[in-house]
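First comes the structure, then the notes that go with it.
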Amino acid sequence: MFPSTSPEAGRESWPAGPHPGPAAAPTRGHPPAPRTGPATTDGDHRERGGPRRARRSGEPARRSEDEIDEPEEEVIPPVEVRRQLALTIAGFAALLGVGLVLGAQTSGPGNRLPFAFIIFGVQLLFVLAWTMAMRPPALLVVAGISAAVAAFADIAAVQSDVAGLAPLGFLAAGGFLAAVLGQLVRRVDRVRVTDSLGATLLIVVGVVAFGTLIVLSRIPAGTQAITVCLTASGVALTVARLTDAVLPWPRLAPQVPRGAAGVVAGAMVGTLTSALLGSYLVAPFTPTRAAVIGLVAAVTAVLSDLAVGYAEAGRLMAGEPPTMWVARHMQGPLGGFALAAPAAYAMCMLFL
């Protein structure tokens, strides 16, 4: 406790001896702890937080940041570009484009069934390739529902009173819900449903997207728009793959065996081809309009093909086992034409 008298009263003079040094201020409510051990001189430095840990002779007090061992980054070697495979995919893209363009020429007023049969065959190839490559849960259920949706979409595109995309949109939504419900039936597949929603949606929407070509063939100037857009897409995909077989440079990613030169060259050559076709077609086509719609279709097809390559590389890096060889390499051109079909429909509605 503090004294009640004034601090000035009873103060004694300092002794003549040496200055004892400042005493540590006591904490409130606790007397200062007595010192134990030998007294220290002014040259000694005592740690306040505790005794100093002894160091071995020659060991530095603190390691510098340069000396800290950091884990070395793993260098992933680039995937080898196989020329024979690139040439094979280029040939498949060219044959697919020729088949779709010639099938569109067989379509006429009151005679849509031949073109519908060709589209349905391409849709079955799409279902086979994409389900085997992406392997969603309940694979057979998803494949069966997608094939059924493709058939109903073609029938709706041929027999609907008004040529429009509304029936195809309803079928796509219903098919997606049916595929998800089919995956929820089994407990084993139920765990992976949330991870495979995107794959299921792509498969169902892809088969319905081919049906837009049948709807487009029923619109005035639609057959010519199909010819321009699918020719540009087929040329773009073929040139891109041929360029990858010869000059896959610069590499877009070490894990993807594709080069930027092929993507750019394919889009440019496809656009040039559509402009040339536009100069031979009748009104409302002009070289400028044909070049614009051909550019959109070619870029859509090439980027879709490239995105498929990135998705395949991601699955392999994630440790998933590779699937059927033919299905994996058919996936890119089929996906490119699947997205080029609604792009052709949209450009026909906007520019023609």
Side-chain angles (χ1 to χ4, degrees), residues 92-93 95-132 140-180 182 200-231 233-234 297 300-301 304 327 330-331 333-349:
F92 173 71
L95 290 177
L96 186 59
V98 170
L100 289 173
V101 171
L102 293 180
Q105 301 301 320
T106 63
S107 178
N111 189 24
R112 313 289 181 186
L113 288 180
F115 188 39
F117 281 120
I118 294 174
I119 293 296
F120 184 67
V122 176
Q123 288 169 327
L124 292 182
L125 284 178
F126 182 89
V127 172
L128 173 65
W130 279 70
T131 52
M132 292 302 298
L140 295 179
V141 175
V142 175
I145 292 176
S146 300
V149 169
F152 285 115
D154 296 342
I155 294 173
V158 171
Q159 296 185 351
S160 60
D161 296 333
V162 179
L165 299 182
L168 302 185
F170 292 136
L171 285 172
F176 174 69
L177 292 178
V180 173
T200 306
L201 182 63
L202 286 176
I203 295 171
V204 176
V205 172
V207 295
V208 175
F210 280 105
T212 59
L213 294 175
I214 303 176
V215 178
L216 185 57
S217 66
R218 299 178 55 185
I219 299 174
T223 302
Q224 295 178 343
I226 293 174
T227 302
V228 172
C229 292
L230 295 189
T231 300
S233 301
T300 302
S304 302
M330 289 171 55
Q331 188 184 7
L334 286 170
F337 281 106
L339 287 186
Y345 182 88
M347 297 304 295
C348 181
M349 293 293 101

Value rounded to 0.5 Å, distance of CG in L168 from CG in D154
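That separation rounds to 8.5 Å.
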[Y] side chain reached by [X] side chain, heavy atoms, under 4.5 Å:
{"X": "F337", "Y": "V122", "answer": "no"}
{"X": "L124", "Y": "L128", "answer": "no"}
{"X": "V158", "Y": "I155", "answer": "no"}
{"X": "T223", "Y": "L216", "answer": "no"}
{"X": "L213", "Y": "L230", "answer": "yes"}

Closest heavy-atom contact between [X] and [Y]?
{"X": "T300", "Y": "A343", "value": "OG1-CB, 4.2 Å"}
{"X": "F210", "Y": "L334", "value": "CZ-O, 3.6 Å"}
{"X": "F126", "Y": "A338", "value": "CE1-CB, 4.0 Å"}
{"X": "S146", "Y": "V207", "value": "O-CG2, 3.8 Å"}
{"X": "S217", "Y": "F115", "value": "OG-CD2, 4.1 Å"}
{"X": "Q105", "Y": "T227", "value": "NE2-OG1, 2.6 Å"}

L201 vs V205, side-chain contact (heavy atoms from CB on, under 4.5 Å): CA-CA, chis, key distance, verdict
CA-CA 6 Å; L201 182 63; V205 172; 3.6 Å; yes
Between S160 and R218, does any side-chain donor sit less than 3.5 Å from a side-chain acceptor?
yes
Main-chain N/O of G103 paired with T106 side-chain donor or acceptor, under 3.5 Å:
yes
